[in-house]
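Read the structure below first, then the notes.
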2 protein chains.
Amino acid sequence: MSRPQTRIQQKNSETILEAALEVFSTHGFRGATLDQIAEVAGLSKPNLIYYFPSKEAMHQALLTRLLDTWLDPLREMDPDGEPVTEILRYVRRKLELSRDYPRESRLFANEILQGAPRMQAAIAGDLTALVAAKSAVLRHWMEAGRIARLPPEHLIFSIWALTQHYADFDVQVRAVLGEGHDPFAEAGDYLDTLFRKLLAP
Amino acid sequence: MSRPQTRIQQKNSETILEAALEVFSTHGFRGATLDQIAEVAGLSKPNLIYYFPSKEAMHQALLTRLLDTWLDPLREMDPDGEPVTEILRYVRRKLELSRDYPRESRLFANEILQGAPRMQAAIAGDLTALVAAKSAVLRHWMEAGRIARLPPEHLIFSIWALTQHYADFDVQVRAVLGEGHDPFAEAGDYLDTLFRKLLAP
DNA sequence: CTGGAATTTGACCACATGGTAAGAAAACGC
DNA sequence: GCGTTTTCTTACCATGTGGTCAAATTCCAG
């Protein structure tokens with residue numbers, strides 16, 4: 001375990017991951033180069049390798065760190081709360097993640113697009129388990145007649161799809177909307193309306 | 001203009017684009033290599049270059065070919081048709097594209113994720129114009145009280161996001177659903193329900 | 001069958017890439 | 001201040017990469 005310990009290690013590891021995120025998220029794993037990451041980080045290439053044993057390791061570190069943040073809002077969906085409130089809160093939180101961490105969103109999208117070669121375990125494990133748990137909650141709400149009866153997994157997919165779209169396809173969204181729009185603000189209102197109508201029993 | 005003319009040219013150009021699609025769609029432009037494309041195509045690397053002057057040219061050819069197919073279903077949305085029918089038909093057609101051409105969908109996603117460096121013109125041009133035109137149609141329907149009043153551009157985004165999700169995040173979708181599911185069949189029903197509820201005035 | 005055109009190949013090149021090795025330079029504990 | 005450890009750099013290497021080139025092979029019209 002070579003956890004960062006000294007100040008310098010702490011700071012440089014952070015700088016490197018930040019740069020790696022920038023590069024990986026726009027070029028994918030294979031398209032990213034150490035030289036590019038080094039340049040963005042303002043460090044020499046061998047110095048990168050001093051902190052992370054390989055390009056692979058940087059990528060792995062980013063993905064690991066990402067998944068937790070990513071699943072957190074779903075974890076927080078409270079089985080004892082008011083269904084519509086809980087779901088809308090999840091949608092809002094997820095959209096905020098897209099707005100505030102678009103690079104993380106794209107990193108994730110890149111990885112899944114490529115068949116998730118470095119995330120299969122996490123997806124088959126944590127993620128699937130969490131979705132199963134929360135699907136049960138949703139199903140429970142449906143059976144109690146508190147929200148419309150819908151396939152819970154697909155309901156979750158639609159939350160993911162709709163919120164991530166604004167981060168992953170940002171360029172397209174902005175091109176289509178043109179100047180003078182705040183995509184995320186508009187999306188907030190729109191998705192609120194959408195899910196309210198969808199969930200009404 | 002070096003349009004394919006002989007049988008051999010026709011066939012090999014096709015073989016190469018097919019292989020290039022396979023590789024580009026899973027590794028992105030920079031992550032794809034000519035050697036890999038050559039291997040998939042069953043041709044030698046110099047032979048690839050005989051048909052396409054560069055890796056860039058192959059990518060460009062794929063993107064150009066793609067965009068038309070991609071926008072076709074939206075073009076077909078009939079201003080004189082019944083609104084809900086027309087929109088649901090668009091959703092269904094778009095989902096069919098995701099199911100039947102997932103690699104094309106991923107190629108497109110990859111390109112947009114990376115900031116659309118090789119598609120900016122097309123996005124700012126054709127795509128934006130088409131969306132503007134169809135948004136006008138939607139708005140017209142809304143003002144006539146035939147469908148719910150919603151921001152038309154975002155309505156279109158949500159169709160794109162929801163349908164493409166099943167192609168682009170296929171790995172994730174299948175992992176979450178587990179065995180014994182047909183994601184696209186289920187999505188068909190789910191999206192039909194979703195948009196019916198959303199569009200009800 | 002044959003000559004010219006179309007197609008294909010093997011050898012090659014310059015450069016980029018991930019990563020290494022060894023030592024110089026800082027930083028730190030005392 | 002000094003010796004040790006941590007950090008960083010320069011020079012380097014093997015391999016991969018996009019692409020070229022001249023020659024070989026195949027194709028096809030007459």
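To find a chain, count down the sequence lines: A is the first, B the second, and so on, and within it residues start at 1. Side chains included, hydrogens not; waters and symmetry mates left out as well; all remaining heavy atoms used.
Between B:Y166 and A:H154, the ring planes are parallel. Angles under 30° get that label, and only those over 60° would be called perpendicular.
Considering B:F52, B:F108, B:F24 in turn, B:F24 is the only one that fulfils the ring-ring contact (aromatic ring centres under 6.0 Å, His included) rule with B:H59.
Rounded to an integer number of Å, the gap from CD1 of B:I16 to P of C:dT7 is 11 Å. Atom NZ of B:K45 and atom P of D:dG16 are 11 Å apart (whole Å). Protein atom CG of B:L48 is 12 Å distant from nucleotide atom C1' of C:dT8, rounded to whole Å. Rounding to whole angstrom units, CG of residue B:N47 and P of D:dA23 are separated by 19 Å. Distance, A:Q36 CD to C:dT17 P: 8 Å, rounded to whole Å. Here the C1' atom of nucleotide D:dC8 and the CD1 atom of A:I8 are 10 Å apart, to the nearest Å. With rounding to whole Å, B:D35 atom CG is found 6 Å from D:dT17 atom P. As rounded to whole Å, 12 Å separates atom P of C:dT7 from atom CD of B:Q10.
The 5' end of DNA chain C is approached more closely, in terms of each residue's nearest nucleotide, by B:G42 than by the other of A:G31 and B:G42.
In terms of phosphate contacts, A:Y50 brings no side-chain nitrogen or oxygen within less than 4.0 Å of OP1 or OP2 of D:dC8. The side chain of B:S44 contributes no N or O atom lying less than 4.0 Å from OP1 or OP2 of C:dT8. OP1 or OP2 of D:dC8 sits under 4.0 Å from a side-chain N or O of A:Y51. An OP1 or OP2 oxygen of C:dT7 is reached within less than 4.0 angstrom by a side-chain nitrogen or oxygen of B:Q9.
Panel note: side chain A:E111, backbone A:R118; a donor-acceptor pair is recorded below 3.5 Å.
Contacts of B:A32 with the nucleic acid, taken as non-hydrogen atoms under 4.0 Å apart, involve only primed sugar atoms and P, OP1 or OP2.
Which of C:dT9, D:dG19, C:dG19 sits closest to the side chain of A:S54 comes down to C:dG19. Checked against C:dT7, D:dT17, D:dC21, the side chain of B:N12 finds its nearest nucleotide in C:dT7. Which of C:dT17, C:dG10, D:dT17 sits closest to the side chain of B:P46 comes down to C:dG10. Side-chain proximity of A:I49 to D:dT17, C:dG19, C:dT17: nearest is C:dG19.
A salt bridge is defined here as a Lys NZ or Arg NE, NH1 or NH2 lying under 4.0 Å from an Asp or Glu carboxylate O, and B:D68 with B:R75 meets this definition.
Remark: the B:Q114 side chain and the A:H27 side chain contain no N/O donor-acceptor pair separated by less than 3.5 Å.
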